[in-house]
Novice: 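One structure is given below, represented as structure tokens, and several questions about it will come after.
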There are 2 protein chains.
Amino acid sequence: MSRAGAEFEAFLRRRGLRMTRQRRAILEEILGSRSHLTADHLEERLRRAGERAAKATVYRTLAMLVEGGLLEAHDFGGGTTYYEPILDRDHHDHMVCIGCGRITEFRSPAIEELQDEQARSHRFTPVTHSLKIFGYCARCVRRRSPGTPPRRLPGPAGPVPASQPSGPIRGRPR
Amino acid sequence: MSRAGAEFEAFLRRRGLRMTRQRRAILEEILGSRSHLTADHLEERLRRAGERAAKATVYRTLAMLVEGGLLEAHDFGGGTTYYEPILDRDHHDHMVCIGCGRITEFRSPAIEELQDEQARSHRFTPVTHSLKIFGYCARCVRRRSPGTPPRRLPGPAGPVPASQPSGPIRGRPR
DNA sequence: ATAGTTGCAAACTTTTTGCAGTGCC
DNA sequence: GGCACTGCAAAAAGTTTGCAACTAT
């Protein structure tokens with residue numbers, strides 16, 4: 001069994017929970033993917049793999065996997081949650097292309113360090129963080145330079161703001 | 001009229017839209033607050049202020065204000081969008097207390113610089129970004145050191161993970 | 001045998017949309 | 001007077017929950 005499988009079983013045992021066919025299937029499926037799946041994606045992949053789990057079960061299991069530290073949940077601004085395996089993976093952050101939706105990972109220990117510093121100086125005890133840079137990937141820049149309208153995607157409040165105010169890249173979230 | 005008011009009117013005129021009583025009221029109300037309001041908060045505040053606007057109108061107006069660059073929308077992980085005036089304010093990021101919900105702002109030009117650098121090196125054209133540090137504010141740390149259960153709050157996938165995995169502050173987003 | 005689990009459907013929450021009536025310019 | 005705007009109610013979308021029927025242990 002995979003490291004993650006063992007880890008999950010241990011997690012379950014610790015809480016008096018059980019390893020079921022569905023849980024096993026969900027775990028294997030998401031581990032076998034190259035990241036960033038939604039509950040919906042998962043349900044479908046399971047079906048295709050000959051397995052099956054109700055959406056409610058998928059959600060319940062994903063929540064456990066996140067709690068157990070096997071997955072990380074991401075909100076890239078489209079209103080749907082994406083899940084990504086984090087066991088045996090370096091921590092990283094994401095750039096989200098508002099043109100095509102492509103996700104690019106990046107690592108910056110220097111940024112992490114500065115975050116800790118900020119937390120310290122505000123007497124804040126950090127637990128997790130989330131850093132996302134929204135913009136256009138190289139391909140989309142090339143393809144739409146003349147000024148094509150942005151595709152609807154992220155945005156807690158709809159599409160990406162048409163007019164980007166002045167100043168540095170302003171933190172306009174999800 | 002406030003700077004923001006003029007700015008908004010200009011924005012509307014540019015698009016052939018109109019300044020209405022509701023729009024004016026919503027703008028004034030959110031500008032008059034000290035940040036981080038939800039559509040719901042706003043609707044209630046308006047009512048208390050003797051004004052009134054249907055929730056649909058509130059949402060429609062907020063979307064315009066964001067698009068016009070007067071507001072920024074934030075998702076602090078609770079499934080609700082918070083709005084904050086950004087005119088005449090420095091860009092800043094947020095720390096979100098998962099104990100009490102308190103939001104602390106912080107600024108770090110150094111981090112912004114590093115973000116730009118990352119974008120550049122990935123040939124990504126940044127438009128906006130969102131950086132949130134989740135953790136406990138000083139008060140909550142003091143109050144709950146022994147291990148009080150975290151309050152339900154953020155989390156795209158429910159409450160804050162009970163067991164925080166190892167490693168550096170792992171980016172476990174909204 | 002005993003709890004924990006699952007599937008299904010109903011419930012929820014926040015935000016969006018359709019439409020008929022209203023009010024800026 | 002035209003066309004944009006508002007309110008209301010219905011619709012969406014994603015996720016959660018209640019419950020009776022299963023099933024690991």
Side-chain angles (χ1 to χ4, degrees), chain A residues 5 8-27 37-44 46-47 51-67 71 73-83 152-159 173-174, chain B residues 8-27 37-44 46-47 51-67 71 73-83 152-160 173-174:
Chain A
F8 190 33
E9 288 222 336
F11 170 81
L12 293 174
R13 204 158 318 125
R14 230 179 288 136
R15 324 259 271 218
L17 304 178
R18 295 163 188 177
M19 177 54 96
T20 64
R21 183 169 48 68
Q22 291 90 330
R23 286 178 185 169
R24 209 177 335 258
I26 291 170
L27 179 63
L37 293 190
T38 65
D40 219 44
H41 290 157
L42 255 172
E43 197 198 20
E44 180 168 328
L46 286 172
R47 197 170 313 123
E51 276 294 343
R52 189 172 34 89
K55 188 131 346 165
T57 301
V58 172
Y59 277 112
R60 287 185 279 231
T61 303
L62 286 172
M64 284 181 182
L65 290 169
V66 168
E67 199 168 325
L71 299 183
H74 294 290
D75 167 21
F76 293 131
T80 322
T81 303
Y82 286 76
Y83 297 85
R152 182 186 192 81
L153 190 115
R174 55 154 299 176
Chain B
F8 190 32
E9 288 220 337
F11 170 82
L12 293 175
R13 205 158 318 126
R14 229 179 289 139
R15 324 260 267 220
L17 305 179
R18 297 165 186 174
M19 176 54 95
T20 64
R21 184 167 48 69
Q22 289 89 332
R23 287 179 185 168
R24 210 179 331 261
I26 292 170
L27 180 63
L37 293 190
T38 64
D40 218 43
H41 290 157
L42 256 172
E43 196 199 19
E44 180 168 329
L46 285 173
R47 196 170 314 124
E51 275 295 344
R52 188 172 35 91
K55 191 137 331 163
T57 300
V58 172
Y59 276 112
R60 286 186 278 231
T61 303
L62 286 172
M64 285 181 184
L65 290 169
V66 168
E67 200 168 324
L71 299 184
H74 294 290
D75 168 19
F76 293 132
T80 322
T81 303
Y82 286 76
Y83 297 84
R152 181 187 193 81
L153 189 113
V160 169
R174 54 152 305 176

Novice: For A:R52, which residues count as a side chain to side chain donor-acceptor pair (under 3.5 Å) partner, sequence neighbours excluded?
Specialist: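 For A:R52 there are no side chain to side chain donor-acceptor pair (under 3.5 Å) partners, ignoring immediate neighbours.
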Novice: Using ring-ring contact (aromatic ring centres under 6.0 Å, His included) as the criterion, list what pairs up with A:Y59, not counting sequence neighbours.
Specialist: none
Novice: Got a sec, which pairs hit salt bridge (charged side-chain N to carboxylate O under 4.0 Å, His left out) with one end in residues 56-65 of chain A, sequence neighbours left out?
Specialist: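 Non-adjacent pairs meeting salt bridge (charged side-chain N to carboxylate O under 4.0 Å, His left out): zero.
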Novice: What integer distance in Å separates B:L12:CG from D:dC3:P?
Specialist: 19 Å
Novice: Under the side chain to side chain contact (heavy atoms under 4.5 Å, CB included) test, which residues partner A:E44, sequence neighbours left out?
Specialist: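 Here the qualifying residues are A:R48.
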Novice: What is the bend of the helix from C:dA1-D:dT25 to C:dC25-D:dG1 when you compare the axis at one end with the axis at the other, using five pairs each and rounding to 10°?
Specialist: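 Angle reported: 30°, given to the nearest ten degrees.
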Novice: OP1 or OP2 of C:dG7 versus the side-chain N and O atoms of A:Q22: is any pair under 4.0 Å?
Specialist: yes
Novice: With sequence neighbours left out, what residues match A:E43 under side chain to side chain donor-acceptor pair (under 3.5 Å)?
Specialist: A:K55
Novice: Please report, rounded to the nearest Å, how far the P atom of C:dC25 is from the CZ atom of B:R24.
Specialist: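 Those two atoms, CZ and P, are 7 Å apart.
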Novice: Nearest whole Å is fine: how far is D:dC5 C1' from B:R13 CZ?
Specialist: 17 Å
Novice: With A:R18, which residues qualify under side chain to side chain donor-acceptor pair (under 3.5 Å), at least two apart?
Specialist: none
Novice: Let me have a per-nucleotide readout for nucleotides 8-14 of chain C, 5' to 3', with B, S or -, counting only protein heavy atoms under 4.0 Å.
Specialist: B-----S
Novice: Taking only residues two or more places apart in sequence, or in another chain, which ones meet B:R47 in a side chain to side chain donor-acceptor pair (under 3.5 Å)?
Specialist: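 Checked B:R47 against side chain to side chain donor-acceptor pair (under 3.5 Å); zero matches.
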Novice: Using a cut-off of under 3.5 Å, enumerate the N/O to N/O pairs linking the protein to nucleotides 21-25 of chain D.
Specialist:
{"residue": "D:dA24", "atom": "N3", "partner": "A:R18", "partner atom": "NH1", "Å": "3.1"}

